[in-house]
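Report on one structure; see the data block that follows.
Since the structure is predicted, the reported quantities are computational estimates derived from the model, not experimental observations.
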Amino acid sequence: MTDRLVQPHSHATDVQRLGWALAITGTFMLVEVIGGLLSGSLALLADAGHMLTDTAALALAWVAAHLTRRPVDARRTYGYHRAQVLAAFVNALALLVVVAWIFWEAVERLLEPRAIAGDTMLGIALLGLLANVAVLRVLKNDHDANLNVAAARLHVIGDLLGSVAAIIAAVVILATGWTPIDPLLSVLVALLIVRSAWALLVKSTRILMEDAPESVDPEVLRGSLLSSVPGVRDVHHIHCWSLASGQTMLTLHLALGPGAEATSVLRDAKRVLTEQFDVVHSTLQIEHAECPDDAR
């Protein structure tokens with residue numbers, strides 16, 4: 001049985017959809033930054049920060065679709081999959097810095113209110129809403145099996161809420177002139193960024209630290225192999241980690257009982273690991289007697 005080191009390649013249509021969504025989101029993120037600076041709206045700048053999270057998520061999904069096509073080489077025997085994890089870690093740290101700036105700026109603007117061009121703010125926010133709707137249409141759910149696309153779609157839905165917040169702030173400013181609504185709603189948008197950035201940071205850190213994935217409990221896995229694979233006397237030295245999100249790697253030792261046939265045990269064990277735990281790559285050491293690692 002051949003191990004699945006890499007999951008099936010993303011379809012070309014998925015790569016194209018992610019590319020268009022990335023182009024729309026990244027372009028309008030820059031428009032919102034310019035609009036926020038021209039209008040003086042912190043809500044627009046905060047929403048641009050939230051769109052940065054979406055741009056990062058789309059970029060990671062797009063890069064991941066391409067990286068899975070890169071062949072392994074003598075220096076990178078697992079290929080280039082960890083690059084997306086490193087990028088996610090750096091992006092998460094950068095996003096938390098953006099959040100800190102938004103909170104700092106919001107406090108300053110609450111203490112010293114500034115003039116805001118409500119009409120400019122409203123126009124940019126409405127365009128932002130349209131851009132997010134366009135991205136959602138590009139990433140529409142047509143029985144989508146690509147988890148990267150599904151995750152990116154969730155990010156964009158969150159950003160759409162940020163655009164709505166900016167529109168509300170602009171309408172309130174135009175109707176009443178009450179500018180504190182701008183930094184107050186900016187804080188709400190910043191909280192959306194914190195949630196997604198923190199989740200990204202935790203997930204990427206766990207992968208880089210080679211934590212066991214949540215989908216795999218070593219003790220449960222051990223029990224499944226003992227109960228489901230005839231001829232297995234013991235399972236030990238279990239090491240499980242993720243190469244990248246959704247790509248579980250595993251090594252373990254299988255001690256065989258008397259009369260057990262190694263090839264049959266190996267085939268059955270691989271089947272259990274694939275079907276019950278979705279392990280994409282496993283290395284199993286077969287032992288007929290004492291474990292050589294314990295004998296040292």
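Under the 4.5 Å side-chain heavy-atom criterion for ILVMFWY residues, no single connected hydrophobic cluster contains both Val194 and Val97. No path of Ile, Leu, Val, Met, Phe, Trp and Tyr side chains, each step under 4.5 Å between heavy atoms, connects Ile34 with Leu127, placing them in separate hydrophobic clusters. Cluster membership for Leu200 and Leu191, using ILVMFWY side-chain heavy atoms within less than 4.5 angstrom, is not shared. There is a path of hydrophobic side-chain contacts, each under 4.5 Å, that joins Val202 to Ile207. In the hydrophobic clustering of ILVMFWY residues, with side-chain heavy atoms under 4.5 Å counting as a link, Val107 and Ile181 come out apart.
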Query raised in the report: Where do Met29 and Thr55 land on the side-chain contact (heavy atoms from CB on, under 4.5 Å) test, with the steps shown first?
Result: CA-CA 8 Å; Met29 178 190 69; Thr55 303; 4.0 Å; yes
Report task. Could you go through the side-chain contact (heavy atoms from CB on, under 4.5 Å) check for Ser228 and Arg271 one step at a time? Result -> CA-CA 10 Å; Ser228 304; Arg271 175 182 53 78; 5.6 Å; no
Requested in this report: Evaluate side-chain contact (heavy atoms from CB on, under 4.5 Å) for Phe277 paired with Val220, printing each intermediate quantity in order.
Outcome: CA-CA 10 Å; Phe277 300 95; Val220 173; 4.2 Å; yes
**Report entry** Intermediate values then yes/no, side-chain contact (heavy atoms from CB on, under 4.5 Å), Thr274 and Val279
**Finding:** CA-CA 5 Å; Thr274 300; Val279 174; 5.8 Å; no
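A 4.5 Å side-chain heavy-atom check between Ile124 and Phe28 finds at least one atom pair inside the cut-off. When side chains are defined from C-beta on, Cys240 counts as touching Thr248, because their heavy atoms get closer than 4.5 Å. Side-chain contact between Phe89 and Leu208: present, with at least one pair of heavy atoms (C-beta onward) separated by less than 4.5 Å. Side-chain contact between Leu250 and Leu221 is present, with at least one heavy-atom pair separated by less than 4.5 Å. Side-chain contact between Glu105 and Glu108: present, with at least one pair of heavy atoms (C-beta onward) separated by less than 4.5 Å. Between Asp278 and Leu273, every side-chain heavy-atom pair lies at or beyond the 4.5 Å cut-off. Annotation: side chain of His281 is in contact with side chain of Thr283 (closest heavy-atom distance under 4.5 Å). Between Met121 and Ile116, some side-chain heavy-atom pair lies under the 4.5 Å cut-off.
Heavy atoms only, all atoms of each residue included: Ala165 and Leu185 are closest at O-CD1, 3.1 Å. Looking at every heavy atom in both residues, Asp182 comes nearest to Ala169 through CA-CB, 4.3 Å. In plain terms, the two heavy atoms of Gly118 and Ile173 that are nearest each other are CA-CG2, 4.4 Å. The shortest heavy-atom contact between Ala131 and Ile24 is O-CG2, 3.9 Å. Considering all non-hydrogen atoms of both residues, Pro183 and Leu110 come closest at CG-CD2, 3.7 Å. Shortest non-hydrogen contact noted between Ser224 and Val272 is CB-CG1, 4.3 Å.
The environment of Arg233 atom CZ is dense: over 12 non-hydrogen atoms of other residues, nucleotides or ligands sit within 6.0 angstrom. In this structure, Trp20 places its CH2 atom where only 12 or fewer heavy-atom neighbours from other residues, nucleotides or ligands lie under 6.0 Å away.
Note that CG of Asp268 is 10.0 Å distant from CD of Glu261, once rounded to the nearest 0.5 Å. Here CD1 of Ile286 is found 5.0 Å from CG of Leu266. Values are rounded to the nearest 0.5 Å. Summarising the geometry, atom CG belonging to Leu184 is positioned 9.5 Å from atom OG1 belonging to Thr179; distances are rounded to the nearest 0.5 Å. Annotation: the span from Ser282 atom OG to His239 atom NE2 amounts to 14.0 Å, rounded to 0.5 Å. Rounding to the nearest 0.5 angstrom, the gap separating the CD atom in Glu214 from the OG atom in Ser242 is 9.5 Å. Put simply, CG on Asn132 and OG1 on Thr25 are 6.5 Å apart, with the number rounded to the nearest 0.5 Å.
Remark: the His236 side chain and the Glu287 side chain contain an N/O donor-acceptor pair separated by less than 3.5 Å.
Side-chain atoms of Lys270 do not come within 3.5 Å of backbone N or O of Val265 as any donor-acceptor pair. Side chain of Ser204 to main chain of Leu201: a donor-acceptor pair is present (N/O by atom type, distance under 3.5 Å, no hydrogens or angles).
Under 4.0 Å is where a charged nitrogen must lie from a carboxylate oxygen, and between Asp234 and Arg222 at least one such pair does.
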